[in-house]
Student: 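To start, I am sharing the structure in question, which I have written as C-alpha cells.
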Amino acid sequence: MFDDDALVYYIVKVIEHHEDIHQVPDKNYIASDIIDLIQKDHDYYDLLKKTESIMKRLIKMKHEKNQDLQNTFSPYGIDLEQFFTRVFQEIDYVEHQASFLKKIYQLLKELQNEYALSLRYVEIQMDVLSTLTKYTQENLDEEIKELCKNYPQYRFMLYYKIMTTLQQIGNNDLLEKYYQEINTCIPMNEEQKDLLEVIKEIFG
C-alpha cells in the first residue's frame with residue numbers, strides 16, 4: 001500500500017513520463033514555466049504562445065471559486081499581475097493574426113470568469129480588444145457592450161482606445177458611430193468627464 005506522499009509522487013512520475021509537463025494544469029509546473037519566461041529573453045511571438053498555454057492551464061487548474069491567483073503564485077516569488085502586464089505591453093506594436101488574438105482575448109475573458117482578478121486584467125483585455133480591432137471588427141459591438149456592462153468605470157477609456165484604432169485603420173463609419181454613442185453617455189466622475197473632452201477634441 002502507498003502512503004499519501006508516495007502515491008502523489010507516483011502519480012507525478014506517471015504524468016511526467018506520459019505527458020508534457022508544460023501542458024499540466026498544476027500550479028508548481030505553471031510557476032516553473034512563468035519563472036522561465038521572466039528570467040530568460042524570448043521572441044515576442046514565442047512569449048505570447050507560451051503565455052497562451054499558461055492561461056489555458058490556469059483555467060483548467062483545480063481551484064476554489066474566486067481564488068486569488070495573485071496569492072496563489074506569490075509564494076513562488078511571482079507577481080502574476082506584473083507578469084501579464086509585461087507580456088501584453090507590446091501587443092499593439094507587432095503584427096498579429098486575428099485568429100490568434102481572438103484566442104488570447106477569449107482566454108482573458110475566461111480567466112476573469114474563473115478567478116477574482118484585479119482590474120489590471122480588464123485594462124489588458126481592453127488593450128487586446130483594441131489591437132484585435134485592427135484586424136477585424138467582428139462582434140465588436142457585443143464585446144464593447146459586455147465590457148461596459150461589467151466595468152462601467154472603463155467605458156470612456158474603452159471607447160477612446162477603440163476609436164483610436166479605428167482612426168488608425170481609417171474606418172470612419174465605425175468611428176463616427178462610436179463617437180455618437182459615447183456622446184450620449186454621462187460621465188460618472190471628473191476623470192471620465194476629462195476623457196470625454198479629450199475624445200471630443202480628437203475625434204469631433
Side-chain angles (χ1 to χ4, degrees), residues 25 27 30-31 33-38 41-61 63 66-74 76-166 168-169 178 182 191-192 195 199:
K27 65 181 180 181
I30 294 172
D33 288 346
I34 292 174
I35 289 170
D36 178 72
L37 291 178
I38 291 171
D41 290 331
H42 292 267
D43 171 79
Y44 188 61
Y45 187 71
D46 180 55
L47 176 64
L48 285 177
K49 289 295 290 182
K50 284 182 166 64
T51 303
E52 176 191 18
S53 172
I54 285 169
M55 287 194 289
K56 288 178 180 177
R57 292 153 66 197
L58 287 173
I59 291 164
K60 292 178 182 176
M61 191 173 73
H63 59 274
N66 293 326
Q67 179 181 348
D68 188 339
L69 276 187
Q70 194 74 6
N71 291 337
T72 299
F73 287 94
S74 58
Y76 300 91
I78 295 171
D79 184 331
L80 199 64
E81 182 181 293
Q82 188 178 73
F83 167 71
F84 277 107
T85 298
R86 171 182 168 244
V87 168
F88 291 107
Q89 67 184 357
E90 304 292 333
I91 197 161
D92 190 43
Y93 300 102
V94 292
E95 292 292 321
H96 299 284
Q97 291 182 340
S99 58
F100 178 64
L101 283 177
K102 283 180 182 178
K103 290 178 188 175
I104 293 291
Y105 184 75
Q106 188 58 39
L107 287 171
L108 284 167
K109 288 174 65 175
E110 289 181 41
L111 268 178
Q112 290 279 25
N113 290 334
E114 289 292 328
Y115 297 100
L117 299 179
S118 74
L119 289 176
R120 178 68 192 110
Y121 291 88
V122 182
E123 294 170 1
I124 292 170
Q125 188 178 334
M126 291 193 304
D127 288 341
V128 174
L129 180 60
S130 175
T131 302
L132 176 59
T133 302
K134 284 184 179 180
Y135 307 100
T136 177
Q137 294 82 52
E138 182 182 6
N139 299 323
L140 183 57
D141 280 357
E142 290 81 0
E143 297 299 339
I144 290 174
K145 287 175 184 175
E146 183 178 352
L147 275 166
C148 288
K149 177 183 176 183
N150 294 330
Y151 308 100
Q153 66 269 46
Y154 284 124
R155 180 186 306 275
F156 291 86
M157 179 56 70
L158 175 61
Y159 271 82
Y160 172 76
K161 287 177 179 289
I162 296 296
M163 290 167 67
T164 298
T165 299
L166 291 172
Q168 289 172 358
I169 64 175
Y178 291 133
I182 198 62
E191 183 180 350
Q192 290 189 354
L195 194 48
I199 289 172

Student: What do the steps show when you test V94 against Y45 for side-chain contact (heavy atoms from CB on, under 4.5 Å), and what is the final call?
Tutor: CA-CA 9 Å; V94 292; Y45 187 71; over 6 Å; no

Student: Given side chains that start at C-beta, do those of Y151 and L119 come closer than 4.5 Å, heavy atoms only?
Tutor: yes

Student: Before you tell me yes or no, could you show the steps for Y135 and I169 under side-chain contact (heavy atoms from CB on, under 4.5 Å), namely the whole-Å CA-CA distance, both residues' side-chain angles and the distance that decides it to 0.1 Å?
Tutor: CA-CA 9 Å; Y135 307 100; I169 64 175; over 6 Å; no

Student: Quick check for you: to the nearest 0.5 Å, what is the distance between I124 atom CD1 and L111 atom CG?
Tutor: 10.0 Å

Student: Using atom types as modelled and distance alone, determine if a side-chain donor or acceptor of S53 lies under 3.5 Å from a backbone N or O of K49.
Tutor: no

Student: Within the 4.5 Å heavy-atom criterion, are I182 and Y178 side-chain neighbours or not?
Tutor: no

Student: Hey, are D46 and K50 close enough for a salt bridge, meaning a charged N less than 4.0 Å from a carboxylate O?
Tutor: yes

Student: Any chance you could measure L166, atom CG, to Q137, atom CD, to the nearest 0.5 Å?
Tutor: 6.5 Å

Student: Take a 6.0 Å sphere around CD of E142 and say whether it holds more than 12 heavy atoms from other residues, nucleotides or ligands.
Tutor: yes

Student: Does a side-chain heavy-atom distance below 4.5 Å link M61 with L69?
Tutor: yes

Student: Quick check for you: to the nearest 0.5 Å, what is the distance between F100 atom CZ and E52 atom CD?
Tutor: 5.0 Å

Student: Grab the two heavy atoms, one from Q112 and one from S118, that are nearest each other, plus how far apart they are.
Tutor: NE2-O, 4.4 Å

Student: Rounded to the nearest 0.5 Å, how far apart are CG of L48 and NE2 of H96?
Tutor: 6.0 Å

Student: Do K27 and Y76 come within less than 4.5 Å of each other through their side chains, counting heavy atoms only?
Tutor: yes

Student: Is it the case that atom CZ in F84 sees more than 12 heavy atoms from other parts of the structure closer than 6.0 Å?
Tutor: yes

Student: Quick one: pull up OH in Y121 and OH in Y115 and give me the separation to the nearest 0.5 Å.
Tutor: 11.0 Å

Student: Step by step, work out the side-chain contact (heavy atoms from CB on, under 4.5 Å) result for D36 and H42.
Tutor: CA-CA 10 Å; D36 178 72; H42 292 267; 3.7 Å; yes

Student: Work out which heavy atom in F156 is nearest to a heavy atom in I199; give both atom names and the distance.
Tutor: O-CD1, 3.7 Å

Student: Please check if the number of heavy atoms outside E110 that lie under 6.0 Å from its CD is greater than 12.
Tutor: yes

Student: What I'd like to find out is whether the side chain of V122 reaches to under 4.5 Å of the side chain of L147, using heavy atoms alone.
Tutor: yes

Student: Check whether any side-chain heavy atom of L80 sits under 4.5 Å from a side-chain heavy atom of I34, and report yes or no.
Tutor: yes

Student: Of all heavy-atom pairs between I78 and A31, which one has the smallest distance, and what is that distance?
Tutor: CD1-O, 3.5 Å

Student: Do NZ/NE/NH1/NH2 and the carboxylate oxygens of E146 and K149 come within less than 4.0 Å?
Tutor: no

Student: Assess whether atom CD of Q106 is packed by more than 12 heavy atoms of other residues, nucleotides or ligands within 6.0 Å.
Tutor: yes

Student: If you define the side chain from C-beta out and look only at heavy atoms, does anything of T164 sit under 4.5 Å from S130?
Tutor: no

Student: Is any side-chain heavy atom of L101 closer than 4.5 Å to a side-chain heavy atom of K134?
Tutor: no

Student: Quick test of your reading of the model: are R120 and E123 salt-bridged, counting only N-O distances below 4.0 Å?
Tutor: yes

Student: Identify the heavy atoms of R86 and I38 that sit nearest to each other, and give their distance.
Tutor: NH1-CA, 3.6 Å

Student: Do Y105 and D127 have side-chain atoms, one donor and one acceptor, less than 3.5 Å apart?
Tutor: no

Student: Can you measure from OG1 (T133) to CG (L129) and round to the nearest 0.5 angstrom?
Tutor: 4.5 Å

